[in-house]
Amino acid sequence: MTFKHNFKKVLSATAFAAALVVAPAANVSAATNDASSTQQSATATSQDQQASQDQAASQSSAANQSSSTSTSSATSTSTVKKVAKKTKKTSKKKAVKKVAKKTTKKKATKKAKKTSKKSTKKTTKAATAAVTASADQSQATQATDQQDDAAKKAAEAAAKKAAAAKKKAAAKKAAAKKKAAAKKAAAKKKAAAKKKAAAKKKAAARKKAAAKKKAAQKSAEKTAKYWIAMRESGGYYTARNGSCYGRYQLLISYLGGDLSKKNQERTADRYVYGRYGSWVNAKRFWLAHNWY
């Protein structure tokens with residue numbers, strides 16, 4: 001678009017220069033034509049005046065001749081000579097004037113041509129300079145526009161590249177952040193699972209230990225109970241010693257009239273746990289006092 005605009009400018013400058021070149025030539029031609037027509041008019045006027053003078057002279061000569069014919073031949077001859085001399089003098093004057101006029105006309109035409117040539121040369125030179133300057137300016141403007149376009153494109157490319165790099169960096173940073181968060185979450189989950197597994201293992205161990213302890217206590221209780229039963233009755237449920245009865249030699253009143261094995265076991269446990277807390281403690285007491 002800029003190139004078309006500059007090309008139009010160059011065409012306008014060229015047309016203006018051509019008009020400047022043609023205008024002086026047209027003026028010179030018009031001046032030459034005016035001078036030629038003026039000269040022709042002057043020549044025609046001069047010829048008319050000469051014809052009038054010749055006619056007047058002829059008429060005067062005829063009158064003089066007729067007058068001299070009536071008077072004398074000597075006077076007629078003298079008058080004719082005078083008229084001829086005057087006519088010759090007038091013709092000579094006219095010829096000199098004509099030559100002077102032609103010379104002046106030639107000089108004017110020559111001067112006009114010279115002036116026109118100089119003006120044409122100067123105008124042509126100025127037009128050429130104007131066209132050259134316009135072309136140079138057009139080229140300079142075009143070069144500037146091209147540089148501006150190139151700079152604009154380079155700036156746009158750089159901005160686009162920077163935006164792409166920024167976007168890529170942001171995406172990379174987001175991916176790294178996401179990866180770190182996922183890794184942290186995985187580590188946290190793993191730690192929680194490990195902690196849970198450890199707690200579960202610990203609970204299982206504690207439960208196992210408690211179960212083991214309970215089993216050991218139960219075994220110890222069972223052993224202590226069996227030991228006391230063997231010391232008190234030899235293990236018989238029907239053994240009797242005064243007011244005491246059964247496997248654990250309890251007072252008959254404790255049994256409430258029910259001498260069954262089941263009631264003996266239940267009543268003995270209630271008595272020992274109520275008084276000593278366990279069969280182990282009851283055994284310990286029995287060892288110290290030989291009774292419980």
Which atom of [X] lies closest to which atom of [Y], heavy atoms considered:
{"X": "Ala282", "Y": "Val272", "answer": "CB-CG1, 3.7 Å"}
{"X": "Gly235", "Y": "Arg247", "answer": "O-NH1, 2.6 Å"}
{"X": "Thr267", "Y": "Tyr254", "answer": "CG2-O, 3.6 Å"}
{"X": "Gln249", "Y": "Ser233", "answer": "NE2-CB, 4.0 Å"}

ILVMFWY cluster, Tyr271 and Met230 together (side-chain gap under 4.5 Å):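 In one cluster with Tyr271: Met230, no.
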Common cluster, Ile228/Tyr226, ILVMFWY with side-chain heavy-atom separation under 4.5 Å: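 Not linked; separate clusters.
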Whether Trp286 and Trp227 hold their rings parallel, tilted or perpendicular, with breakpoints at 30° and 60°: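 Geometry flag for Trp227 against Trp286: perpendicular rings.
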Parallel, tilted or perpendicular, as decided by the 30° and 60° cut-offs, for the rings of Trp291 and Phe285: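 Ring orientation, 0 to 90° scale: perpendicular.
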Are [X] and [Y] packed together at the side-chain level, in the sense that at least one heavy-atom pair is separated by less than 4.5 angstrom?
{"X": "Leu251", "Y": "Tyr245", "value": "no"}
{"X": "Asp269", "Y": "Lys225", "value": "yes"}
{"X": "Cys244", "Y": "Leu250", "value": "no"}
{"X": "Lys177", "Y": "Lys173", "value": "no"}
{"X": "Tyr276", "Y": "Arg284", "value": "no"}

Which residues share a side chain to side chain donor-acceptor pair (under 3.5 Å) with Asp148, sequence neighbours left out: none
Set of side chain to side chain donor-acceptor pair (under 3.5 Å) partners for Arg240, sequence neighbours left out: none
Donor-acceptor contact below 3.5 Å, side chain Thr223 vs main chain Ser219: yes
side-chain hydrogen bond (donor to acceptor under 3.5 Å, both in side chains) partner of Tyr248, chosen from Gln264, Glu265, Arg231: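 Result for side-chain hydrogen bond (donor to acceptor under 3.5 Å, both in side chains) with Tyr248: Glu265.
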Ser260 and Asn263: CA distance, side-chain angles, deciding distance, side-chain hydrogen bond (donor to acceptor under 3.5 Å, both in side chains) verdict: CA-CA 5 Å; Ser260 64; Asn263 189 44; 5.1 Å; no
